[in-house]
*Asks:* 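Right, I'll just put the structure down here and ask away after.
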Amino acid sequence: MELLVLQSDFGLNDGAVSAMHGVCKGVHKNLDIHDLTHGITPFQVFEGSYRLFQTVKYWPKGTVFVSVVDPGVGTPRKSVVAETKTGHYIVTPDNGTLTHIKKEYGITAVREIDESVNRIDNSGDSHTFHGRDVYAYTGARLASGVITFENVGPLLKVEDIAEISIKTPEVSTGQIEGTVEIADVRFGHLWTNISKEMFEKAGFSLTSELEATVAHKGKMYYKGVIPYVRSFGSVEIGKPLIYINSLLKAAVGLNEKSFAETYKIGTGPEWSITFRVAGSEGGRSMQTDEKIEI
Amino acid sequence: MELLVLQSDFGLNDGAVSAMHGVCKGVHKNLDIHDLTHGITPFQVFEGSYRLFQTVKYWPKGTVFVSVVDPGVGTPRKSVVAETKTGHYIVTPDNGTLTHIKKEYGITAVREIDESVNRIDNSGDSHTFHGRDVYAYTGARLASGVITFENVGPLLKVEDIAEISIKTPEVSTGQIEGTVEIADVRFGHLWTNISKEMFEKAGFSLTSELEATVAHKGKMYYKGVIPYVRSFGSVEIGKPLIYINSLLKAAVGLNEKSFAETYKIGTGPEWSITFRVAGSEGGRSMQTDEKIEI
Amino acid sequence: MELLVLQSDFGLNDGAVSAMHGVCKGVHKNLDIHDLTHGITPFQVFEGSYRLFQTVKYWPKGTVFVSVVDPGVGTPRKSVVAETKTGHYIVTPDNGTLTHIKKEYGITAVREIDESVNRIDNSGDSHTFHGRDVYAYTGARLASGVITFENVGPLLKVEDIAEISIKTPEVSTGQIEGTVEIADVRFGHLWTNISKEMFEKAGFSLTSELEATVAHKGKMYYKGVIPYVRSFGSVEIGKPLIYINSLLKAAVGLNEKSFAETYKIGTGPEWSITFRVAGSEGGRSMQTDEKIEI
């Protein structure tokens with residue numbers, strides 16, 4: 001049983017995902033097909049990119065991922081397969097979906113899918129579901145060994161892969177500025193691109209208090225002083241906490257409540273977050289949990 | 001590993017679907033179980049029928065489908081297994097779920113499930129979950145070879161299968177009238193029962209403009225002139241398009257926006273749609289995207 | 001292929017569940033992984049407990065379940081594996097998740113997970129996702145035979161397992177008082193902890209009428225006279241019915257409509273329900289379907 005993992009923004013409430021599973025099983029019955037998620041917000045390539053980062057390295061080497069968040073289906077955007085430094089393969093439109101994998105893990109090689117061979121026979125009249133006709137089909141062929149990575153198509157330059165720009169965090173003693181990249185959907189905690197190492201470099205120590213500021217294009221959505229603790233249960237229900245999440249990045253949340261909903265905070269490259277040692281710069285007069293609107 | 005695909009209106013948020021998976025695994029561990037969708041709108045048999053049409057032919061021949069949209073559970077409606085011309089099997093209450101499969105692909109034979117043998121032992125006190133006690137169990141036995149199609153029970157006449165009435169599209173030069181059968185749930189595009197061949201017969205050509213009208217029981221919900229193009233990216237974001245969808249039927253949508261939600265359009269046999277060569281009949285004064293209420 | 005079934009309150013819209021699947025596949029490729037549900041209401045341990053009861057016995061003996069509804073992650077709550085009298089294993093935080101399994105089926109033995117061996121290597125800096133780092137990993141090792149039940153860790157006393165208190169139903173001739181434990185999410189029927197045997201003991205007979213009363217902390221939410229019938233189709237659409245559900249417990253619903261939503265009724269240990277032979281106590285003047293607010 002070879003591993004194939006599918007992701008999309010199709011949702012699970014119609015037949016699209018099942019058609020993809022069926023195509024894969026038609027390529028080779030011995031495929032072991034799993035779903036990463038099909039709940040990516042429609043057209044949100046950045047979210048799809050993040051979910052690959054969140055999961056790929058927990059799967060055995062050689063696992064093939066198919067990611068279809070493809071607002072440009074039927075236009076000349078490229079279709080590619082990337083081989084990652086972690087030993088996985090990702091089949092996807094070349095539209096930014098590889099952003100996090102390239103930055104966090106690295107990509108060894110990328111090939112453009114040659115649709116003259118890697119496309120379901122007689123599917124040429126269908127221009128709106130390459131997830132089924134090209135990506136699932138190619139992923140299944142690669143995972144099952146019907147084709148090799150070389151058979152995907154011609155090599156592209158790794159530096160030419162489409163990427164979504166995310167600011168690198170700025171770290172200094174006592175302060176870090178980064179980005180709120182994503183939330184864990186069910187719980188509404190804010191996940192940043194600031195690593196545990198950066199927290200250590202800035203001199204933040206567990207159980208100390210940090211001032212956190214979240215802003216979007218210059219407008220502040222949250223400013224408050226929050227304890228940096230180990231996990232949710234370290235604070236009372238409804239209270240804020242800063243913690244290192246399961247990907248070893250800094251996160252901000254409320255215990256058993258949604259921080260994102262409570263403060264109407266979104267995620268993505270335009271949402272900045274700053275952590276600072278509390279009281280480190282001038283008089284601190286604000287209270288934990290206080291909300292400021294400018 | 002033999003293939004078994006399950007569909008229902010049970011949703012994924014309680015234990016119903018998992019109980020069905022467990023029953024199947026109890027019949028034979030070697031079954032390879034997939035979910036078509038469990039997000040059928042509760043009690044909407046027509047939707048269940050469409051999702052089978054959307055997916056069945058993408059699965060290998062011999063795949064057994066179990067579809068449980070069963071508002072009549074515990075009443076005398078029949079339980080059947082249909083063998084399709086495409087070489088698949090469908091286990092379902094005989095309540096209209098086979099409508100599309102019969103019309104689009106054809107049914108070779110249908111048998112009534114003999115519950116004296118094809119029902120979980122000692123489940124007779126349970127009258128509200130035949131999905132678990134009868135359908136999943138029978139589907140698993142058939143898929144795994146514990147029983148043959150003949151062992152399901154007595155033959156019924158294919159012409160006696162319950163069907164939901166859908167009007168056949170009317171095609172003439174420059175005009176087609178059909179039905180909005182369904183939407184792709186996450187995106188809100190309208191999928192019609194008008195085929196690509198009908199578009200060709202009517203003389204509609206790619207990149208031309210067509211006037212589209214959507215109505216429900218005589219009330220118009222949309223009238224506008226829309227370009228007939230290849231895919232979403234052929235028009236600007238938010239703009240309407242007519243295209244041939246992944247089942248090679250005509251569809252209407254907005255690029256990266258929901259047509260169904262925007263114009264409050266539903267789906268099913270009572271939602272009619274008409275395409276006409278734009279400007280072909282008298283002066284055309286309406287603008288693309290315009291909405292009319294009568 | 002050994003069976004492993006996962007449950008959580010993580011939802012399916014981000015990467016959490018897929019990371020768990022990947023970890024399991026990394027333990028042993030031959031695992032056959034299924035999802036019970038990941039739609040447990042966040043932090044609702046009682047709901048997680050019920051869904052295990054609803055499904056476990058439909059799976060083959062030896063199946064390993066992993067249930068992660070874990071608001072106390074990162075705090076000193078214990079992590080355990082229970083062996084049930086039905087021959088299944090359940091990997092879970094010891095926080096009440098085993099309540100129904102213990103009461104309805106019985107638990108043979110319970111062991112505390114020794115995280116010095118049963119935890120992903122080098123995951124010690126991650127304190128918020130034991131579902132991935134401890135529970136899925138341990139469940140996969142147990143299901144695949146990498147470890148035995150004895151290798152999980154030291155035995156605990158079964159009587160020390162955390163339980164959520166639920167009142168035992170009170171049965172007398174012509175009357176039963178019990179609890180509305182849960183609803184079937186998609187349909188909104190109320191599922192009680194009153195068994196078919198209790199209905200028989202109380203002398204309730206099929207097709208008779210019963211007075212049902214639903215209350216929360218002394219406040220009445222519903223009172224009405226309802227026929228006790230076999231299944232939904234025994235009453236007209238929109239009308240109430242009492243029936244024996246698929247777990248052979250008494251339930252109350254509306255045919256093709258949500259009882260829970262219609263009368264704003266919740267579920268859990270604080271929601272009481274009483275059934276009484278209609279007209280058995282003084283003059284009965286209320287009509288079927290009538291709603292009373294006190």
Side-chain angles (χ1 to χ4, degrees), chain A residues 1 4 6 8-35 37-45 68-77 93 95 120 122-134 136-137 140 186, chain B residues 1-3 5-7 9 11-12 32 34-41 47-48 50-63 65 88 182-189 191 196-197 206 229-235 237 241 243-249 251 253 255-258:
Chain A
M1 302 284 285
L4 183 65
L6 310 182
S8 77
D9 59 352
F10 300 156
L12 292 172
N13 291 332
D14 61 29
V17 169
S18 180
M20 291 170 71
H21 278 230
V23 162
C24 296
K25 281 288 160 178
V27 167
H28 206 301
K29 271 197 152 181
N30 223 22
L31 286 168
D32 185 8
I33 307 172
H34 293 254
D35 297 307
T37 179
H38 296 283
I40 299 296
T41 307
F43 322 117
Q44 294 307 310
V45 170
V68 192
V69 184
D70 189 16
V73 63
T75 68
R77 59 93 187 84
N95 59 6
I120 296 182
N122 303 316
S123 67
D125 285 341
S126 164
H127 301 291
T128 57
F129 195 3
H130 289 185
R132 180 192 68 192
D133 300 336
V134 178
Y137 182 72
R186 213 73 186 307
Chain B
M1 302 285 285
E2 299 307 318
L3 288 166
V5 181
L6 308 181
Q7 169 171 274
D9 59 353
L12 291 172
D32 186 8
H34 294 254
D35 296 307
L36 198 172
T37 179
H38 296 283
I40 298 296
T41 307
E47 212 180 302
Y50 197 92
R51 297 312 175 197
L52 288 168
F53 161 56
Q54 187 181 353
T55 52
V56 159
K57 73 171 177 183
Y58 291 97
W59 287 85
K61 280 179 202 299
T63 299
F65 292 78
H88 304 91
I182 205 109
D184 49 356
V185 176
R186 214 70 185 312
F187 302 110
H189 307 313
W191 288 16
K196 182 171 175 284
E197 287 72 28
L206 203 63
V229 295
R230 227 173 77 129
S231 186
F232 313 109
S234 309
V235 302
I237 289 178
L241 69 154
Y243 64 100
I244 298 300
N245 71 12
S246 55
L247 298 172
L248 305 187
K249 306 276 190 187
N255 187 16
E256 300 198 17
K257 203 175 160 191
S258 170

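A note on names: the letters A, B, ... follow the listed sequences, proteins ahead of strands, and every chain is numbered from 1.
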*Asks:* Would you call the rings of B:Trp59 and A:His21 parallel, tilted or perpendicular, where under 30° means parallel and over 60° means perpendicular?
*Replies:*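 Because their plane-to-plane angle lies in the 30° to 60° range, the rings of B:Trp59 and A:His21 count as tilted.
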*Asks:* Taking B:Leu3, B:Ile244, B:Val56 one by one, which has the highest count of heavy-atom pairs under 4.5 Å against chain A?
*Replies:*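 Highest number of heavy-atom pairs under 4.5 Å: B:Leu3.
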*Asks:* Is the side chain of A:Arg132 donor-acceptor paired with the backbone N or O of B:Ser246 at a distance under 3.5 Å, no angle test?
*Replies:*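 Yes, because the side chain of A:Arg132 sits within donor-acceptor range (under 3.5 Å) of the backbone of B:Ser246.
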*Asks:* Is there a salt bridge (charged side-chain N to carboxylate O under 4.0 Å, His left out) between A:Lys29 and B:Asp32 once you walk through the steps?
*Replies:* CA-CA 9 Å; A:Lys29 271 197 152 181; B:Asp32 186 8; over 6 Å; no
*Asks:* What part of B:Lys61 gets closer than 4.5 Å to chain A, counting heavy atoms only: side chain, backbone, both or neither?
*Replies:*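 Contact with chain A is absent: no heavy atom of B:Lys61 under 4.5 Å.
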*Asks:* Among B:Lys57, B:Arg51, B:Glu47, which residue has the highest count of heavy-atom pairs closer than 4.5 Å to chain A?
*Replies:*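 Most heavy-atom pairs under 4.5 Å with chain A: B:Arg51.
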*Asks:* Please state whether the side chain, the backbone, both or neither of A:Val23 comes within less than 4.5 Å of a heavy atom of chain B.
*Replies:*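 Both backbone and side chain.
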*Asks:* For B:Thr55 and A:Gly15, indicate whether the former's side chain and the latter's backbone hold a donor-acceptor pair under 3.5 Å.
*Replies:*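 No; judged by distance alone, with no hydrogens or angles, the pair does not exist.
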*Asks:* Which distance, rounded to the nearest 0.5 Å, do you find between the OG1 of B:Thr41 and the CG of A:Asn13?
*Replies:*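 If I round to the nearest 0.5 Å, the distance is 8.0 Å.
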*Asks:* What is the distance from atom CZ of B:Phe65 to atom OG of A:Ser18, rounded to the nearest 0.5 Å?
*Replies:*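 Between B:Phe65 CZ and A:Ser18 OG, I get 6.0 Å after rounding to 0.5 Å.
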*Asks:* For each of A:Ala16, A:Gly26, A:Ala19, tally heavy-atom pairs with chain B at distances under 4.5 Å, and name the one with the top tally.
*Replies:*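 Ranked by heavy-atom pairs under 4.5 Å with chain B, first place is A:Ala19.
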*Asks:* Without swapping roles, check the side chain of A:Asp14 against the backbone of B:Asp184 for a donor-acceptor pair under 3.5 Å.
*Replies:*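 No, because the side chain of A:Asp14 does not come within donor-acceptor range (under 3.5 Å) of the backbone of B:Asp184.
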*Asks:* Tell me, out of B:Leu248, B:Ile182, B:Ile40, B:Thr63, who's got the most heavy-atom pairs with chain A below 4.5 Å.
*Replies:*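 Greatest number of close heavy-atom pairs with chain A: B:Leu248.
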*Asks:* Are B:Phe232 and A:Phe43 close enough that their ring centers fall under 6.0 Å?
*Replies:*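 Not under 6.0 Å, so no.
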*Asks:* Ignoring hydrogens and angles, tell me if any N or O in the side chain of B:Ser231 forms a donor-acceptor pair with the backbone of A:Thr128 under 3.5 Å.
*Replies:*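 No, because the side chain of B:Ser231 does not come within donor-acceptor range (under 3.5 Å) of the backbone of A:Thr128.
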*Asks:* May I ask you to name which of A:Cys24, A:Ser123, A:Gly39 has the most heavy-atom pairs under 4.5 Å with chain B?
*Replies:*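 Looking at each option in turn, the highest pair count goes to A:Gly39.
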*Asks:* If you apply the rule salt bridge (charged side-chain N to carboxylate O under 4.0 Å, His left out), what do you find for A:Asp9 with B:Arg186, and how did you get there?
*Replies:* CA-CA 8 Å; A:Asp9 59 352; B:Arg186 214 70 185 312; 5.9 Å; no
*Asks:* Would you compute the distance between atom CG of B:Leu12 and atom CG of A:Leu12 and round it to the nearest 0.5 angstrom?
*Replies:*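 That separation rounds to 6.5 Å.
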*Asks:* Keeping the roles fixed (side chain from B:Arg230, backbone from A:His127), state whether a donor-acceptor pair exists under 3.5 Å.
*Replies:*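 No, the answer is negative, given that no donor and acceptor are paired below the 3.5 Å cut-off.
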*Asks:* Measuring from B:Leu247:CG to A:Ser126:OG, what's the distance to the nearest 0.5 Å?
*Replies:*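 Interatomic distance, B:Leu247 CG to A:Ser126 OG, rounded to 0.5 Å: 8.0 Å.
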*Asks:* As an exercise: rank B:Phe53, B:Tyr58, B:Tyr243 by heavy-atom pairs under 4.5 Å with chain A and give me the winner.
*Replies:*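 When all of B:Phe53, B:Tyr58, B:Tyr243 are compared, B:Tyr58 has the most.
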